[in-house]
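Numbers for residues simply follow the sequence, beginning at 1. Computed from heavy atoms alone, side chains included, the values below leave out hydrogens, waters and symmetry copies.
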Amino acid sequence: MKAIILYYSKSGTTEKLARRIQEDIQCDILKIEPEEPYGNYVSSLIRVNKERKNNVPVHSVTKIPDLSTYDTVFIGYPIWYLDVPVFVADFISRCDMEGKTVIPFATCGLANISATLNTLKRVCPKSEIVHPFNYGIAKKDNYEEWIRAIQ
């Protein structure tokens, strides 16, 4: 498996998980950054709510990578309002994911990654999305079991 991890992390939780996956899989990694960084927790909630409500386009400043040499793409993100952050979905939609195996992993408070899979299917229509992994306060999937299944 030739893999890369594409991820966004605001608080560092998703980044810790991404780095752990990178260490276990021995793959490349790329952090997705928004055009305008999000502030503290409360200001981020307010901003994300306004962006979603008003359908505000949010983009990243991260350069779109050449994924032609990879067969597997891990996509990591925090779950915001039961979905993938808008700029992460936009970034992924601009990547050439055709024929790739996509393995999503998400961090959250009480949500579940299953709520985000429709968005991933929409932005990666020609990819196979498998082995979603959820790490949250209310539900922590078994990382060791998950990573063994992937390897």
Legend entry - Donor-acceptor contact below 3.5 Å, side chain T107 vs main chain Y135: no
Inset, instruction - Find the distance between CH2 (W80) and NZ (K10) and round it off to the nearest 0.5 Å. - result: 7.0 Å
Legend entry - Candidate list V61, T62, I92, I32, test side-chain contact (heavy atoms from CB on, under 4.5 Å), partner F87, passing option: I32
Legend entry - Side chain proximity check, L6 to P65, heavy atoms < 4.5 angstrom: yes
Inset, instruction - Examine distances only and state if a side-chain atom of K100 and a backbone atom of Y70 form a donor-acceptor pair shorter than 3.5 Å. - result: yes
Inset, instruction - Say whether, by atom type as modelled, one donor and one acceptor occur between the side chain of N112 and the main chain of S114 under 3.5 angstrom. - result: yes
Legend entry - Minimum side-chain heavy-atom gap D24-Q151 below 4.5 Å: yes
Legend entry - Y8 and S60 side chains, donor-acceptor separation under 3.5 Å: no
Legend entry - Side-chain donor or acceptor of T72 paired with backbone N/O of M1 under 3.5 Å: no
Inset, instruction - Decide yes or no for C95 and I64: does some side-chain heavy atom of the first lie under 4.5 Å from some side-chain heavy atom of the second? - result: yes
Inset, instruction - With the side chain counted from C-beta on, respond yes when W146 and N134 share a heavy-atom pair under 4.5 Å apart, and no when they do not. - result: no
Inset, instruction - Evaluate the side-chain proximity of F133 to I21: yes if any heavy-atom separation is below 4.5 Å, no if none is. - result: no
Inset, instruction - Find out whether P85 and V48 are in side-chain contact, i.e. whether some heavy atom of one side chain is under 4.5 Å from a heavy atom of the other. - result: no
Legend entry - Cationic N near anionic O, under 4.0 Å, R19 to E23: no
